[in-house]
Amino acid sequence: MNEKFIEEAAEHFKALLKEQIERQERMEKAAVKTDFNSIPKLTIGLIDGDGIGPVIMAVAEKLLNELLKDDIASGKAELKKIEGLTIENRLALNKAVPDDVLAEIKKCDVLLKGPTTTPKGGSMESANVCLRRELDLYANVRPVSIPEKGIDWCFFRENTEGEYTLGSRGIELSDKLSMDFKVTTDAGTRRIARAAFDYARANGKTNVSIVTKANIMKKTDGMFSRIAHEVGESYPEITADDYYIDIMCANLVNEDIRSKFQVFLLPNLYGDIITDEAAQIQGGVGTAGSANIGDRYAMFEAIHGSAPRKVERGEGAYANPESILKAAEMLLRHVGKADKAERLEKAIALCKKEGRVVMTGHADGATAAEFGEYILEKL
Ligand code: IPM
Ligand code: MG
């Protein structure tokens, strides 16, 4: 029994290794970046997602339609609804992202996506993880800003490697032993490190914190840390510091020192965890936006999940759309429409300041749709 398992596992591992070596080699080839100034028509795909997804996406769609109405009317932009990325459809087809849905998605330039439900356990991969891989969205960029506390952080989370690459393809010996695999590559680390340092340079930041657990994950995180520092050497005006993820989690709640951090560069799983912490410090995971950026495509989404329990309680309509609107703002900036992003940002800030319509996330506050109307009024 064990012998057979070992043999099968070794074969499985061999296949994974081959595949990952090929992936690393593919990444080494120069990538072509989409130039949004030169594409004749910008196609923005809208994916509702599950749970509270359709509620918050309806608000985003309405506001994007208004902000982009001239471009849409003149055929320079299109908002394209992508159907079928629902948990029901995915489970029925046993596909993280059904083929026809992926084909539609690939016809878009950028995407705005509501949260999708990820089944726990089993072998069904998360739709997010699948899309990040299929569209090669290697940089997960998550800004957190609390001006009154001097906090202006931007997290650059590696988005296609680490624990996630093979997260659904570990091995199991009949419930007695389980192993997952973590992958770090030279090319994969270099490109996210460049994204972080380029951002720092373009935004007048002076420091990047490289955060790993290289004292324990010696091969993978060790490599990430080494290459990140090496990339940083090409940016002499920016200092690079090294931290372990555990103490960095503590630092973020340490009011004496946290405002000195500027840009964070981390492997996938640590980036996942710490960005929820950071969003909570900002006011909740409902307040943060998230960009998944690759060379060809980019996908923008709320940082939070689909909140199925909220929907079960009958409170779905009261879901806060702020996170998806932050994502929409990031999308507009990414495609070179910073003026429109600013209009949206200012309108939201105005609504929150004036407070005629207030969301609490529950039935004692406004619905997402009501809040959306309020923002529309202020645009
Ligand atoms: C995120 C989410 C995803 C992740 C889930 C939904 C797969 O938590 O975007 O941070 O783990 O990356
Ligand atoms: Mg997360």
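As the structure lists them, so they are numbered: ligands from 1, and atoms in each ligand from 1. In this text, all values refer to a predicted model and were calculated from it rather than measured experimentally.
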- Query: Quick one: nearest non-hydrogen protein atom to atom 10 (O) of ligand 1, plus distance?
  - Reply: D272 OD1, 2.8 Å
- What N/O/S atom of D272 is the closest to the Mg ion (ligand 2)? OD1
- Item | Crowding at CZ, F13 (>12 non-hydrogen neighbours, <6.0 Å) | no
- Query: What residue and atom, counting heavy atoms only, is the protein's closest point to atom 6 (C) of ligand 1, and at what distance?
  - Reply: T118 OG1, 3.9 Å
- What about R157: any of its N or O atoms under 3.5 Å from an N or O on ligand 1? yes
- Top protein contact for atom 7 (C) of ligand 1, by heavy-atom distance: S126 OG, 3.4 Å
- Message: Can you confirm whether more than 12 heavy atoms, excluding those of K62, are under 6.0 Å from its NZ atom?
- Response: no
- Message: So, 4.0 Å and heavy atoms of R142: is ligand 1 close enough to count as a contact?
- Response: yes
- Looking at Y164, does the NZ or CZ of R157 lie under 6.0 angstrom from its six-membered ring centre and within 45 degrees of the ring axis? yes
- Applying a 4.0 Å heavy-atom criterion (strictly less than), which segment of R132 is in contact with ligand 1: side chain, backbone, both, or neither? side chain
- Task: If you have a sec, work out which protein heavy atom is nearest atom 4 (C) of ligand 1 and how many Å separate them, to one decimal?
- Result: Y164 OH, 3.4 Å
- Query: Does R356 CZ have over 12 foreign heavy atoms under 6.0 Å away?
  - Reply: yes
- Task: Determine, using ring centers only, whether F261 and Y243 are less than 6.0 Å apart.
- Result: yes
- Task: Select one of side chain, backbone, both or neither to describe which atoms of E125 lie under 4.0 Å from any atom of ligand 1, heavy atoms only.
- Result: neither
- Query: Would you call E345-R333 a salt bridge at under 4.0 Å N-O?
  - Reply: yes
- Message: Using a 4.0 Å heavy-atom cut-off, which part of E163 comes near ligand 1: side chain, backbone, both, or neither?
- Response: neither
- Query: When you check the gap from the basic side-chain N to the acidic O, do D246 and K213 get nearer than 4.0 Å?
  - Reply: yes
